[in-house]
Amino acid sequence: MPRSEPIKAVRGVRDLLPRDRPLWRAAELAAEDVARRFGYEEIVTPLIEHAELIERVGEDTDAVAKELYRFEDRGGRKLALRPEATAGVVRAYFEGHLNQEPQPARLYLIGPMFRYNRPQKGRYRQFFQLDVEAIGSASPALDAEVIEIAVTWLHDLGLGEVRMDLNTIGDAKCRPAYLELLRAYYRPLRDKLHGDCQRRLETNPLLLLDCKVPQCQPFKADAPRITDHLCEECAAAWAAVRRLLDAAGIEYHLDPYLVRGLDYYTRTVFEIYPAQTGGSQDALAGGGRYDGLAEAEGWPATPGVGFASGLDRVTEMVKAVGVEIIAAPAAEVLVLPDAELEIAAAEVAHICRAVRSVAVDYEAKSLKAKMRSANKLGARWVVLLNAEDAQQRTVQLKEMASGDQVAVPWDDLPARLA
Ligand code: HAM
């Protein structure tokens, strides 16, 4: 009897197994390719940050208030596992003096994020994002540029059928007055809202528009819309973004209720969904402009815009629409030595590795069983090695597809396999 149950993975996190990786790798390569085509450079930031960095930029959002993995290290520092990348990338932009280089800094990052939410399909506690940021420019052309990157990436992966929701939420100049209008509209309805919304009414009323709870829905239609209350600059930027998207042939759906879950946004916000769904839980990507974020982190005021897309959801959707990813075999050549020929087999493998990926089957089993494994593994060749051939420094090289088998001296193997 085992002494205890085997220890399983932590709830809400998962392994990406070798069988999953070809699809993930294809998604990562497509991301790297599109980022490069748009002139974006890779950045890697730590998985842990000061909790304050995250908390300062999003006090009232779920990703921060309820979902943050927060802990104290042995030195008593209050740290957090990053729930998203933007706050850390903006910090790194200043600490790494990217603000002194030509602007904007065009950056991308691929890596894990952590949110303590209720796990379900497409929602995990550790998930991966492609994060793209253009920092140091307020030009609406960059809003359109990052949107084009998101759409192009999904398109390159065979996900052309998506819906993009687009909105603006104004800035520090026009939003406060609009929020007062929103509060004034919702205050008489307070008792009819669900608990979180009652609280948000005073702290962050914009989130009321984003609420998905049924009891709060009837009041949205008559709520004042920010697009009717933009300052001149925000209105001009909003018109420019739409003009640029039109010119680039990128379709969008104007959604006056789209506000996004994180506090730091200004002006443009957008989310991308699979075309078929009207859901809110299954966004493939989301982002927007965050001109107040740098200042909220304590750095000089600096505009920025970007988006992040969840690789878990994107790869699940690529699988669902049936895009075929052809996986290379783990090893193209499999060496099958007879018993006690490990040293010779290792030398043969070493020679073949000059030109091909090679594995050796060291298991003590019949040749028939070894050939079955070679087939399953998808090897293109097997190298049969018996004691007599080893003495002569030759092998039998068998091509799996044709079944052709020839004797080959060890030193000729690279030429035969090239
Ligand atoms: P976000 O909307 O919180 O934005 O997340 C972006 C994407 O990450 C979502 O659309 C979704 O695909 C994926 N995602 C989020 N949470 C989970 C989860 N629990 N499990 C699986 N996938 C998930 C941000 O994170 C912003 N930092 C985006 C941004 C960058 N804005 C400006 N720059």
Side-chain angles (χ1 to χ4, degrees), residues 11-14 16 24 27 31 40 43 45 49 53-54 57-58 61-69 81-93 104-135 142-143 145-147 149-150 153-154 157 159 162-165 167 169 207 210 258-274 277 279-294 296 303-318:
R11 182 169 144 81
V13 312
R14 48 188 197 146
L16 297 175
W24 277 73
Y40 283 64
I43 183 167
T45 65
E49 296 279 0
L53 177 85
I54 317 287
V57 303
T61 60
D62 285 349
V64 173
K66 294 189 205 148
E67 300 181 352
L68 195 62
Y69 274 95
L81 294 181
R82 64 182 183 192
E84 57 103 45
T86 313
V89 171
V90 167
R91 178 196 53 67
Y93 163 90
R106 290 180 161 94
L107 306 167
Y108 78 94
L109 173 152
I110 298 174
M113 309 294 154
F114 304 85
R115 294 183 193 178
Y116 191 83
N117 45 27
R118 202 147 58 81
Q120 59 184 52
K121 188 170 161 46
R123 190 163 73 191
Y124 305 98
R125 288 181 173 174
Q126 174 180 286
F127 59 98
F128 291 76
Q129 282 186 342
L130 160 64
D131 183 78
V132 170
E133 312 288 358
I135 308 175
L142 287 158
D143 303 37
E145 181 173 291
V146 299
I147 289 173
I149 293 176
W153 180 54
L154 295 172
L157 283 170
L159 306 179
V162 294
R163 184 189 86 238
M164 184 183 48
D165 293 343
N167 194 22
I169 55 169
L207 291 178
D210 187 46
L258 176 63
V259 300
R260 307 267 307 131
L262 296 155
D263 279 353
Y264 50 59
Y265 290 101
T266 51
R267 298 190 175 164
T268 311
V269 288
F270 67 97
E271 277 178 355
I272 302 179
Y273 289 92
T277 62
S280 54
Q281 221 37 276
D282 52 1
L284 295 172
R289 180 161 279 288
Y290 47 85
D291 295 348
L293 176 58
V305 63
F307 77 89
S309 179
L311 277 132
D312 301 80
R313 292 183 193 173
V314 168
T315 51
E316 270 159 33
M317 187 158 165
V318 170

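Whatever order the structure lists ligands and atoms in, that order sets their numbers, starting from 1. Everything quoted here is computed from the prediction, not taken from an experiment.
Interface of Asp131 with ligand 1, defined as ligand atoms under 4.0 Å from a residue heavy atom, comprises 30 (C). Under a 4.0 Å criterion applied to the non-hydrogen atoms of Ala308, ligand 1 contributes the atoms 6 (C), 7 (C), 28 (C), 29 (C), 30 (C). Atoms of ligand 1 found under 4.0 Å from any heavy atom of Glu84 (numbered from 1 in listed order, with element): 25 (O), 26 (C), 27 (N). Atoms of ligand 1 found under 4.0 Å from any heavy atom of Ala285, numbered from 1 in the order shown, are 10 (O). Distances below 4.0 Å separate heavy atoms of Tyr290 from the following atoms of ligand 1: 32 (C), 33 (N). Within ligand 1, the atoms closer than 4.0 Å to a non-hydrogen atom of Tyr264 are 26 (C), 27 (N), numbered from 1 in the order shown. Interface of Gly122 with ligand 1, defined as ligand atoms under 4.0 Å from a residue heavy atom, comprises 20 (N), 21 (C), 22 (N). Counting atoms of ligand 1 from 1 in the listed order, those under 4.0 Å from a heavy atom of Gly287 are 31 (N).
Between Val305 and Glu145, the closest side-chain pair of non-hydrogen atoms is not below 4.5 Å. When side chains are defined from C-beta on, Met317 counts as touching Pro274, because their heavy atoms get closer than 4.5 Å. A heavy-atom distance below 4.5 Å is found between the side chains of Ile135 and Tyr290. Using a 4.5 Å heavy-atom cutoff, the side chains of Arg115 and Phe127 are in contact. Side-chain contact between Leu130 and Tyr108 is present, with at least one heavy-atom pair separated by less than 4.5 Å.
In this structure, Arg260 counts as a contact residue of ligand 1, since one of its heavy atoms falls inside 4.0 Å of the ligand.
Shown here are the side-chain contact (heavy atoms from CB on, under 4.5 Å) partners of Tyr116, two or more places apart in sequence or in another chain: Tyr69, Arg125. Legend: residues meeting side chain to side chain donor-acceptor pair (under 3.5 Å) with Gln129, ordered by chain and number and at least two apart, are absent.
Residue Gly310 places at least one N or O, backbone or side chain, under 3.5 Å from an N or O of ligand 1. The shortest N or O to N or O distance between Leu284 and ligand 1 is under 3.5 Å. Residue Arg115 has at least one N or O atom closer than 3.5 Å to an N or O atom of ligand 1. Taking any N or O of Glu271, backbone or side chain, none lies under 3.5 Å from an N or O belonging to ligand 1.
Ranked by closest heavy atom to atom 11 (C) of ligand 1, the top entry among Ala283, Ala134, Gly12, Gly288 is Ala283. The residue among Tyr116, Phe270, Tyr265, Tyr273 with a heavy atom at the shortest distance from atom 28 (C) of ligand 1 is Tyr265.
Salt bridge Glu316/Arg14: present, at least one basic N to carboxylate O contact under 4.0 Å.
Of all the heavy atoms of Glu133, the ones lying under 4.0 Å from any atom of ligand 1 belong exclusively to the side chain.
There is a side-chain donor-acceptor pair under 3.5 Å between Thr45 and Arg82.
For Ala285 against Phe307, the heavy-atom pair with the smallest separation is CB-CD1, 4.3 Å.
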